[in-house]
Amino acid sequence: MEVTEIVFAWACGALIILGVINCAMIFYAVYTKLDALEKHFDEWLYLSMDCGSSGGSFYSRTQRMTAVSRLITSKSIQRQEPLLIDAVQRLPRGLRFWATSPFHVGYFVCGGTSLLWLYGKYRGFL
């Protein structure tokens, strides 16, 4: 086996493991941290939620977590409501981590998988 094939295989394995860890992070954040985040941003959630999804299903909880994450990371939403900037700054670091990190890791996994797939097709590994 060539060195690039070995590195390609290890990179594929690492992305799979990172994807599984990311799924666990999302499950943990959605079922343990969402209530505290919604309590902190209860008066601003209307800004980032298009439809009122409520309920206890994983899908609706993930949508609500995405809405909270958009409040924290979107500067355009924060420009609409100046008091929201203060609420984001008062948010504890632990809650901020669990609201944003699973989505950022997910973006990395999707992008890395796409690039790895394209490289594998180019080199003939796939």
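Predicted model, so just to flag it, every value in this text is computed and none were measured. Residue numbers start at 1 and run along the sequence shown. The analysis underlying the following values was restricted to heavy atoms, covering all of them including side chains, and did not include hydrogens, waters or symmetry mates.
In this structure the side chain of Trp98 never reaches within 4.5 angstrom of the side chain of Leu37, judged on heavy atoms. For the pair Phe108 and Asn22, the minimum side-chain heavy-atom distance is 4.5 Å or more. Counting heavy atoms from C-beta outward, Arg70 and Ile77 have side chains that approach closer than 4.5 Å. Here the side chains of Arg123 and Phe8 are not in contact, with every heavy-atom distance at 4.5 Å or above.
Applying side chain to side chain contact (heavy atoms under 4.5 Å, CB included) to Pro102 and the options Val30, Ile21, Ile26 leaves one that passes, Ile26.
Nearest approach of Ala99 to Met65, heavy atoms of both residues: CA-SD, 4.1 Å. For the pair Thr113 and Leu15, the tightest heavy-atom approach, listed with the atom from each and the gap, is N-CD1, 3.5 Å.
Using a 4.5 Å cut-off between side-chain heavy atoms of Ile, Leu, Val, Met, Phe, Trp and Tyr, with links allowed through other members, Tyr31 and Phe103 fall into the same hydrophobic cluster. Criterion: ILVMFWY side-chain heavy atoms under 4.5 Å apart, direct or through other members. Under it, Trp117 and Trp10 are not part of a common hydrophobic cluster. The cluster map of Ile, Leu, Val, Met, Phe, Trp and Tyr, joined by side-chain heavy atoms under 4.5 Å apart, puts Phe97 and Ile72 in different clusters.
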Worksheet entry | Trace of the side chain to side chain contact (heavy atoms under 4.5 Å, CB included) decision for Leu71 with Val88 | CA-CA 8 Å; Leu71 284 176; Val88 169; 5.7 Å; no
Practice prompt. Determine, stepwise, if the pair Leu34 / Arg64 fulfils side chain to side chain contact (heavy atoms under 4.5 Å, CB included).
Written response: CA-CA 8 Å; Leu34 180 61; Arg64 293 186 344 241; 3.6 Å; yes
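Listed by chain and number, the residues in a side-chain contact (heavy atoms from CB on, under 4.5 Å) with Ile16 amount to none (sequence neighbours excluded). Shown here are the side chain to side chain donor-acceptor pair (under 3.5 Å) partners of Ser76, two or more places apart in sequence or in another chain: Ser74.
Using a cutoff of 4.0 Å between basic side-chain nitrogens and carboxylate oxygens, Asp35 and Lys39 are not scored as salt-bridged. Comment: Glu38 does not engage Lys33 in a salt bridge, judged by the lack of any side-chain N to carboxylate O separation of less than 4.0 angstrom.
Leu84 CG to Phe41 CZ: the interatomic distance, rounded to the nearest 0.5 Å, is 6.0 Å. Put simply, CD on Gln78 and CG on Asp86 are 11.0 Å apart, with the number rounded to the nearest 0.5 Å.
In this pair, Phe27 and Phe58 present their aromatic rings parallel. The plane angle is below 30°, not in the 30 to 60° band.
Screening residues 92-105 for salt bridge (charged side-chain N to carboxylate O under 4.0 Å, His left out) gives no qualifying pairs among residues at least two apart or on separate chains.
For the residue pair Thr66/Ser69, the side-chain donor-acceptor check at 3.5 Å is not satisfied.
Between the side chain of Glu5 and the main chain of Phe125, no donor-acceptor pair closer than 3.5 Å is present.
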